[in-house]
Structure formats: structure tokens, C-alpha cells
Colleague: 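Once you've had a glance at the structure underneath, I'll fire off some questions.
Positions are given from 1, in the same order as the sequence printed here. Counting starts at 1 for both ligands and their atoms, in listed order.
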Amino acid sequence: MISINTDIAKEFISDEAYTESLEKCEEAFIQLKDKTGQGSEWLGWRDLLKSPNDALLEKISSLGRDIRNNADIFIVCGIGGSYLGAKAVIDALSPHFNKKGPEILFAGHHMGGKYLQELLSYIKTPKQDGTPKSVYINVISKSGSTLETALSFRMIREVMEELYKEKAADRIICTTSGEGGVLNGLIEEKGYRKFIIPEDVGGRFSVLTPVGLIPIAVAGIDIKTLFYGAVSAFNKYEGDATEIVKYAAVRRALHEKGITIDVFSCFEPELQSFGGWIQQLMGESEGKEGKGIFPTVAAFSTDLHSLGQFIQQGTRSLMETFIAVEKPISDLKVNSLEGDHDKLNYLAGNSFHEINTKARIGTTEAHKDGAVPIINLSLSSLNAEVIGELIYFFELLTGIFVYSLGVNPFNQPGVEDYKKAMYRLLGKD
Ligand code: PA5
């Protein structure tokens, strides 16, 4: 379950501004529901929760089990919406150490030659017992032509063909559009396994399609529970979305007041990558036509020692969204030590969860005093079901908030500009 508390943020806006924003956000939600807003042909992320495809979930779960049993390394090759969702869920729900199953590596998400060169050499190097590593790759690209992904895939494919000869194709899984694009040509020619990204689901809204679900299943996470967590959030908010509409309204009123940055801060390091997914979802959806609040991510308390000073006393144009987990995710406690040489016995008996909670409450007090509007989001616990809910929660919030600004949330015309300039410099036709 997710609870929202906007009390502190509301202190920074007038009742009139809030009421005006609330009306806009209510209209925006109706536009989403009725498919009457801009880009309504991209609302498949809602439809797929309306009528879940259990056969597809089973097929992906079974593929995940199969790869977990056979792979030493699983490479997720994609960029932007084609990998951030999977990484967010995997990092939120996997152990930090002693992970079971294949090592999950990411590629195709930048042009760093050193990284790729080292990755190629790593997969080529035999295991300690001298046998070759068993490598699988999932290349994910809706367009099938994104340069970062396509180029990395070419380099990795070459090594895999060297390692496994004609059997390489069995280890390559492609997630792409139903038809068209260079990747589809390659799939036909080489006979790779293929999963389809629905035409009406854009990259940053695609984590609950094979785009995110295959890597998440390979990581050993129960994708059915995750997916149905999102379904339950969908059903809940179709029934009554008041709390999320109100949240969007507070955020919109802050936007109108001149807030330009939203620092999404989590107090559990496991959620940092989830912040990366939120950053892309919201940033690429709202940052258009000179509008939007720039989303950024902080992991507290780590970043209280890097960004904390700015948040407390720097330029006053930012807000914060705190994401906390109520149920302890560890039972680690502080013991009393004889002699108390480090003077920490005053914490004896406290769990790290309790200490972290005090850090959050203290930070809230301090940042509020520093005139930072704060929204508090609280997750009942950290598990696949709640993360599924959280995915739909942020997708819906994004749709409502961005529509309320009069902007199309589902395109990204600005991203094309860097691509055009890069391709011109690289001499592409
Ligand atoms: O949200 C989006 O649409 C983008 O971030 C894309 O996911 C990203 O650019 C990757 O595109 P593609 O899947 O076509 O390689």
C-alpha cells in the first residue's frame, strides 16, 4: 500500500492556487480515462492492466526460470525506457550480496568503449574450472535502431557467435516492435527468439511489458505478483483517484509558483534505481514547451552529505518527494558494547530502521525550516506487490500531472535533436 501526505507542501501554496490546480488535474484524469487528451494512442500501459495477459506472464516466468538454470551471465542491452524499469525493480527487490542465479549485467545504455571492451573480455574469459561462461543476452529496443543499444548488441553478438557458433541464436532474446526496424530484419535472418512491445506503449511506460518483465523474471522476482500489484493499484484508482489527483494538484500549484526541481529522495538505498526510473518517466514526459519540474534523485542519508547543504540553504526553487518504507526491511540492531569507547551506546537496542526513521523525520523538520515544500510517500513494505503498485502510481501521476500542464506526456521530440546532430557528425545518411 502507498500513502501520500502533502501537508507540508500545501503550506507553501494558497488555497486559490490549489483549487485551480485541482480542477485542472481532475479534468486531466478524465482526459486520461476517456482517451481524449494529446497522445491518447499511447495509453496501452493502462489497457494492459485492464485485461492482464496471464499466458504471457507464464511464458515469461518460464523463460526466466530456464535462463536462471542455464546462464552464468545475463546481459540486458537497452537504453532509457528499455532498461531503467527492469533495473529499478531488480535493485529494489534483490539481495545486495550472495545473489543466486546469473550475474545480471547492463549494456547498450551508453557509448563508453572501456566498459564495453571490459564486458566483452569478461564474457570471453572462461570460468575458474576452465569451461566457457554461459552467456544470454536480451536486447531491448522498440525502434530497433537506437545507436547505443544496436552498437553494443553488434559487438556482444560477434563475441557470442565466436563462443557458441550456430548455437548463439538460442541465447539471444529480442524485445522489440511487432514489425519494422533493423532489429526485426536481424531476428528474421538469424531466428532469434522475439517478444513484442505493444505499439501503444511508449518506452518509459513499458516496464510491465516484456521490456521489463523478462529481465525481472531472470532476476528471480515473481513477475505475476509484481504485475498484479499494478493491477490492484489500477483498479483502486479507477474506483477513486482522489488522493493521487490531489497530489498532482499540489505539485502543479508548486510548478505554477516557480518550483523547478523535484528531488526524489529515498531513505533506503534499494530504491535509488527506482528513483532513476521515476526521473526518466517524469522528466521525459513533462519537460516540454518550456514547462515541467526537473526530476532528480537523491539517496538519503548518503546525499545529505553531498546535496543536503544546497537543499537546506541554496536557491529556493526546489521541492522534495520523500519515499519511505514503513515495515523494516532488516532487523539489524545496535548492541551495547562494554566501555562504550565510540560513545554509541545511547543507540543500543535501536534497530537501523528506527535510526533511519529518525533521520528521515529530522531531515523533514530541517528541510521544512529551510522552506522546502515536501511530499511524503510511504510504502507499507518493500516487496513485488508494492513495487507493482508504485509503478502504476507514478505512471498515473505522470499522466495526470503532465496533462494538467497542457502538455503531451507521451512523446519526446527533444530527444531527436541530439540524435540528428550525432548522426550528421558520424556521417550517417
Ligand atoms: O521512453 C522512451 O521512449 C525512450 O526513453 C526510449 O525507451 C529509449 O530512447 C530507447 O528507445 P528504443 O527502445 O527504441 O531503443
Colleague: Considering only heavy atoms of Gln280, which atoms of ligand 1 have at least one such atom less than 4.0 Å away?
Modeller: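 Those qualifying, in numeric order: 1 (O), 2 (C), 4 (C), 5 (O).
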Colleague: Could you check which of Thr149, Thr146, Leu147 puts a non-hydrogen atom nearest to atom 11 (O) of ligand 1?
Modeller: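 The nearest heavy atom belongs to Thr146.
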Colleague: Return the residue, atom name and 0.1 Å-rounded distance of the protein heavy atom closest to atom 4 (C) of ligand 1.
Modeller: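 That would be Glu284 OE1, 3.4 Å.
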Colleague: List the closest protein heavy-atom neighbour of atom 3 (O) of ligand 1: residue, atom name, distance to the nearest 0.1 Å.
Modeller: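 So the nearest neighbour among protein heavy atoms is Gly203 N, 3.5 Å.
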Colleague: One thing to verify: whether Asp47 and Lys50 come together as a salt bridge, which I'm taking to mean a side-chain N less than 4.0 angstrom from a carboxylate O.
Modeller: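 A salt bridge is present here (some side-chain N lies under 4.0 Å from a carboxylate O).
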Colleague: Among all protein heavy atoms in this structure, tell me which lies nearest to atom 6 (C) of ligand 1, with the distance rounded to 0.1 Å.
Modeller: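 Checking every protein heavy atom, the shortest distance to atom 6 (C) of ligand 1 gives Gly81 N, 3.9 Å.
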Colleague: Using only heavy-atom distances, determine whether the side chains of Ser134 and Asp72 contain a donor-acceptor pair under 3.5 Å.
Modeller: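 No, because no side-chain N or O of Ser134 sits under 3.5 Å from a partner of the opposite role on Asp72.
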Colleague: Would you mind finding which of Gln412, Lys419, Arg204 brings a heavy atom closest to atom 1 (O) of ligand 1?
Modeller: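 Looking at heavy atoms only, the winner is Arg204.
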Colleague: For Lys419, is there an ion pair with Glu148 - N to carboxylate O distance below 4.0 angstrom?
Modeller: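 No, Glu148 and Lys419 are not salt-bridged.
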Colleague: Tell me whether the guanidinium CZ or amine NZ of Arg360 lies under 6.0 angstrom from the six-membered ring centre of Phe322 and within 45° of its axis.
Modeller: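 Relative to the ring axis of Phe322, which defines the angle, Arg360 lies outside at least one limit.
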Colleague: Does the ring centre of Phe205 sit less than 6.0 Å away from the ring centre of Phe410?
Modeller: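 That pair passes the under 6.0 Å test.
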Colleague: Can you confirm whether or not the ring centre of His109 sits under 6.0 Å from the ring centre of Tyr115?
Modeller: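 Close enough - the centres of the two rings lie under 6.0 Å apart.
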Colleague: Just need the protein heavy atom nearest to atom 9 (O) of ligand 1, so name the residue and atom and give the distance.
Modeller: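 Nearest neighbour among protein heavy atoms for atom 9 (O) of ligand 1, to 0.1 Å: Ile79 CG2, 4.5 Å.
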